[in-house]
*Asks:* 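Encoded as structure tokens, here's the structure I'll be asking about.
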Amino acid sequence: MIFSNKNKILFIMMMASFLTPFTSSALTLSLPDIGRDYGASPNELGWVLEVFLLASIVCLLPMGKLADRLGKRRIFLWGTILFTVSSALCIVTPGMVFLLAARALQGVAAAMLFATNMSIVALSFPKEQRGRALGWMVSMVYVGLGCGPVLGGLLNYYTGWQSIFVFITLVCLACVIATMRYLHQEWLEQDTTGTDGWGALLYGLAMLLAMFGLSELAELSWGWMALASGLLLFVSFLRHERKTRNPILPVHIFVENRSFSLSNLAAMINYSATFAISFLLSIYLQSILGLTSREAGIMMLIQPLVMALLSPLAGKLSDTHAPTWIATLGMTITAIGILGLVVAVHLQSFWLVVPVVVVIGVGFAFFAAPNNNAIMGSVAKHQYSLATSMIGTVRLVGQVVSVAIVTMVLSLDWDALTPGAGLMRNIELSFVVFTVLCVIGILPSVARRMSRDQA
């Protein structure tokens, strides 16, 4: 039946999957108005997006551990409630400090959702239907990304930026009500004991310093020190996790489970190579080709629309065919598409951008859901929270890496060699770097042995 209990659970998880990407993409167009209201600098406005990302990354793995101990439904429900409350606080915020604090709470809530949503779906559906269900969740991520700029822009223009948070609060509230009404089963891992507080602290500090340093490398002279300190702390975290009895990250799984480690590596490389594409395209279409923001916005809807339409199909295919090979095909198609962007930028061709963006959308749709299915299928049920947390973590880390790459490349000054061509050359170089990353990402994707990686 279309309204079976498992499909109701899937619908709830799809709502949660929509929330976080919509929140980030919808806010992008409202940042100038927020800045005018609170007299905030561009750097402070950047933190409206960045503090959410950092809070999510820092809390993801600990929340996965907590979900095993306290229950996946409980953590998911608390996450939806916290997202509702923090979104409501953003509506009535009196200033930037308060807004940043509320956004940090949203990031914590998002981590609670990221750490539980896929594991709940994987536990609710039989393995022969898991890929299709995960495909629908991925589809909603791209619906959120695609709708965010359009709906967020309209809300911001007609009723003010606070109305974006009103909409988010209402969606969150609906998610809370649906969770309380339809999600009754609690999933606990009886063998999970201890909290590994020291490990959580080391992990949080390491990720905070590393991600902050990476994102600020081009802006702050001491950014590399923060990055290096974060990496050293992460090494200490890994050493601690190898020795502790109840780790939040069982390091041995990456050595013993080849499919799990390689699938996560492929995902991180893929997000590193693709997340900042829309940002670069926005600059290219408006600054180089001279399109209006409206025309560029319509153009940029193509890629998430293709992803949203094809992700359920790709997920369903991964139920009947090897998900690792479908994901490898998706990574290869994505690499070809980004290479096409290199050519399009070099030729300054608008009409070449259109089919190339479609190709990238197809490639990413055929990578994301099958790769997630491969990760969930490579672990036992009692490790689903860990797998879900890792999927969220590598996605967010990849996004930070992608933005850091673009920031550093755009800071290069070519005007001394070719006056007036610096921006175009930097955009072209960024796409070259992303193409190389995608090609490198094919390697771990291919390395997974098909016969042993099926759920």
*Asks:* Look only at the side chain of Asp319 and the backbone of Arg132, and say whether a donor-acceptor pair between them is shorter than 3.5 Å.
*Replies:*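 Yes.
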*Asks:* Could you tell me if the side chain of Leu134 sits less than 4.5 Å from the side chain of Val138, heavy atoms only?
*Replies:*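 They are not in side-chain contact.
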*Asks:* Looking only at heavy atoms, which two atoms of Gly79 and Ala109 are closest? And how far apart?
*Replies:*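 Nearest pair, atom of Gly79 first, then Ala109: O-CB, 3.4 Å.
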*Asks:* Between atom CH2 of Trp78 and atom CZ of Arg73, what is the distance when rounded to the nearest 0.5 Å?
*Replies:*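 So the gap between those two atoms works out to 11.0 Å.
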*Asks:* With rounding to the nearest 0.5 angstrom, report the CG to CZ distance, Leu99 to Phe165.
*Replies:*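 Taking CG in Leu99 and CZ in Phe165, the distance rounds to 6.0 Å.
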*Asks:* Can you find a pair of side-chain heavy atoms, one from Leu123 and one from Lys72, that are under 4.5 Å apart?
*Replies:*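 Counting from C-beta outward, Leu123 and Lys72 do come under 4.5 Å.
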*Asks:* Closest approach of Ala368 and Tyr142, non-hydrogen atoms and distance?
*Replies:*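 Looking at all heavy atoms of both residues, the shortest contact is CB-OH, 3.9 Å.
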*Asks:* Which distance, rounded to the nearest 0.5 Å, do you find between the CG of Asp68 and the OH of Tyr384?
*Replies:*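 Separation between the atoms: 12.5 Å.
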*Asks:* So, for Cys90 and Trp161, which heavy atoms are closest and what is the spacing to 0.1 Å?
*Replies:*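 Taking Cys90 first and Trp161 second, the nearest heavy atoms are O-CZ3, 3.7 Å.
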*Asks:* Kindly determine whether Met137 and Val121 satisfy side-chain contact (heavy atoms from CB on, under 4.5 Å), including the steps that lead there.
*Replies:* CA-CA 9 Å; Met137 289 180 64; Val121 168; 3.3 Å; yes
*Asks:* Just wondering, do Leu27 and Leu49 contact through their side chains at under 4.5 Å, heavy atoms?
*Replies:*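 A side-chain contact under 4.5 Å exists here.
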*Asks:* Relative to each other, are the rings of Phe234 and Tyr203 parallel, tilted or perpendicular (30° and 60° limits)?
*Replies:*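 Phe234 vs Tyr203 ring planes: tilted.
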*Asks:* Of all heavy-atom pairs between Leu82 and Leu105, which one has the smallest distance, and what is that distance?
*Replies:*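 That closest heavy-atom pairing would be CD2-O, 3.8 Å.
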*Asks:* What's the separation between atom NZ in Lys127 and atom NZ in Lys381, rounded to the nearest 0.5 Å?
*Replies:*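 With rounding to 0.5 Å, NZ (Lys127) is 9.5 Å from NZ (Lys381).
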*Asks:* State the CZ-CE distance between Arg103 and Met96, to the nearest 0.5 angstrom.
*Replies:*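 The CZ atom of Arg103 sits 10.5 Å away from the CE atom of Met96.
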*Asks:* Checking Ser163 side chain against Leu155 main chain: does a donor-acceptor pair fall under 3.5 Å?
*Replies:*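 Indeed, once roles are kept as given, a pair shorter than 3.5 Å links the two residues.
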*Asks:* Using the side-chain contact (heavy atoms from CB on, under 4.5 Å) rule, take Leu77 and Leu183 through it: C-alpha gap first, then chi angles, then the decisive distance, then the call.
*Replies:* CA-CA 9 Å; Leu77 177 59; Leu183 190 61; over 6 Å; no
*Asks:* Where the side chain of Ser402 meets the backbone of Ala276, is there a donor-acceptor pair that is under 3.5 Å apart?
*Replies:*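 Yes, because the side chain of Ser402 sits within donor-acceptor range (under 3.5 Å) of the backbone of Ala276.
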*Asks:* Short question: side chain of Ser261, backbone of Asn257 - any donor-acceptor pair under 3.5 Å?
*Replies:*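 Yes; judged by distance alone, with no hydrogens or angles, the pair exists.
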*Asks:* So, do Phe76 and Cys175 sit near enough that their side-chain heavy atoms are less than 4.5 Å apart?
*Replies:*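 Phe76 reaches Cys175 side chain to side chain.
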*Asks:* So Met390 and Leu249, do their side chains get closer than 4.5 Å, heavy atoms only?
*Replies:*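 Yes; the side chains approach each other to less than 4.5 Å.
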*Asks:* Let's go through Leu145 and Phe22 carefully: what are the C-alpha distance in whole Å and the side-chain angles of both, what is the deciding distance for side-chain contact (heavy atoms from CB on, under 4.5 Å) to 0.1 Å, and is it a yes or a no?
*Replies:* CA-CA 5 Å; Leu145 286 173; Phe22 175 83; over 6 Å; no
*Asks:* When you compare the side chain of Leu154 with that of Tyr158, does any pair of heavy atoms fall below 4.5 Å?
*Replies:*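 Answer yes - side chains close enough.
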*Asks:* So, for Ala67 and Thr116, which heavy atoms are closest and what is the spacing to 0.1 Å?
*Replies:*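 Distance-wise, the nearest heavy atoms are CB-CG2, 3.7 Å.
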*Asks:* Could you tell me whether a side-chain N or O of Thr388 sits under 3.5 Å from a main-chain N or O of Ser119, the two making a donor and an acceptor?
*Replies:*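 Side chain of Thr388 to backbone of Ser119, a donor-acceptor pair under 3.5 Å: yes, one is there.
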*Asks:* Could you tell me whether the side chain of Thr23 reaches within less than 4.5 Å of the side chain of Gln106, counting heavy atoms only?
*Replies:*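 Side-chain contact under 4.5 Å: yes.
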*Asks:* Tell me if the centroids of the rings in Phe11 and Tyr182 come within less than 6.0 Å of each other.
*Replies:*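 No: the rings miss the under 6.0 Å criterion.
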*Asks:* For Tyr271, which of Phe367, Phe364, Phe434 qualifies under ring pair (Phe, Tyr, Trp, His ring centres under 6.0 Å)?
*Replies:*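 Of the listed options, the one satisfying the test is Phe364.
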*Asks:* Roughly how far apart are Ile360 CD1 and Leu281 CG, rounded to 0.5 Å?
*Replies:*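 The CD1 atom of Ile360 sits 7.0 Å away from the CG atom of Leu281.
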*Asks:* Got a donor-acceptor contact below 3.5 angstrom from the Ser311 side chain to the Ala308 backbone?
*Replies:*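 No, Ser311 side chain to Ala308 backbone: no donor-acceptor pair under 3.5 Å.
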*Asks:* Would you check if Leu10 and Met14 make a side-chain contact, meaning some heavy-atom pair closer than 4.5 Å?
*Replies:*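 A side-chain contact under 4.5 Å exists here.
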*Asks:* If you take all heavy atoms of Pro323 and Pro370, which pair is closest and at what distance?
*Replies:*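 Shortest heavy-atom separation between Pro323 and Pro370 comes out as CB-O, 3.3 Å.
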*Asks:* Is there a donor-acceptor pair under 3.5 Å between the side chain of Ser56 and the backbone N or O of Phe52?
*Replies:*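 The answer is yes, because a donor-acceptor pair under 3.5 Å joins these two groups.
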*Asks:* Between Val176 and Phe83, is the side-chain contact (heavy atoms from CB on, under 4.5 Å) condition met? List the steps.
*Replies:* CA-CA 10 Å; Val176 171; Phe83 213 115; over 6 Å; no
*Asks:* Does the Asn264 side chain pair with the main chain of Phe260, one donor and one acceptor, at a distance under 3.5 Å?
*Replies:*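 Checking the backbone N and O of Phe260 against the side chain of Asn264, a donor-acceptor pair under 3.5 Å is found.
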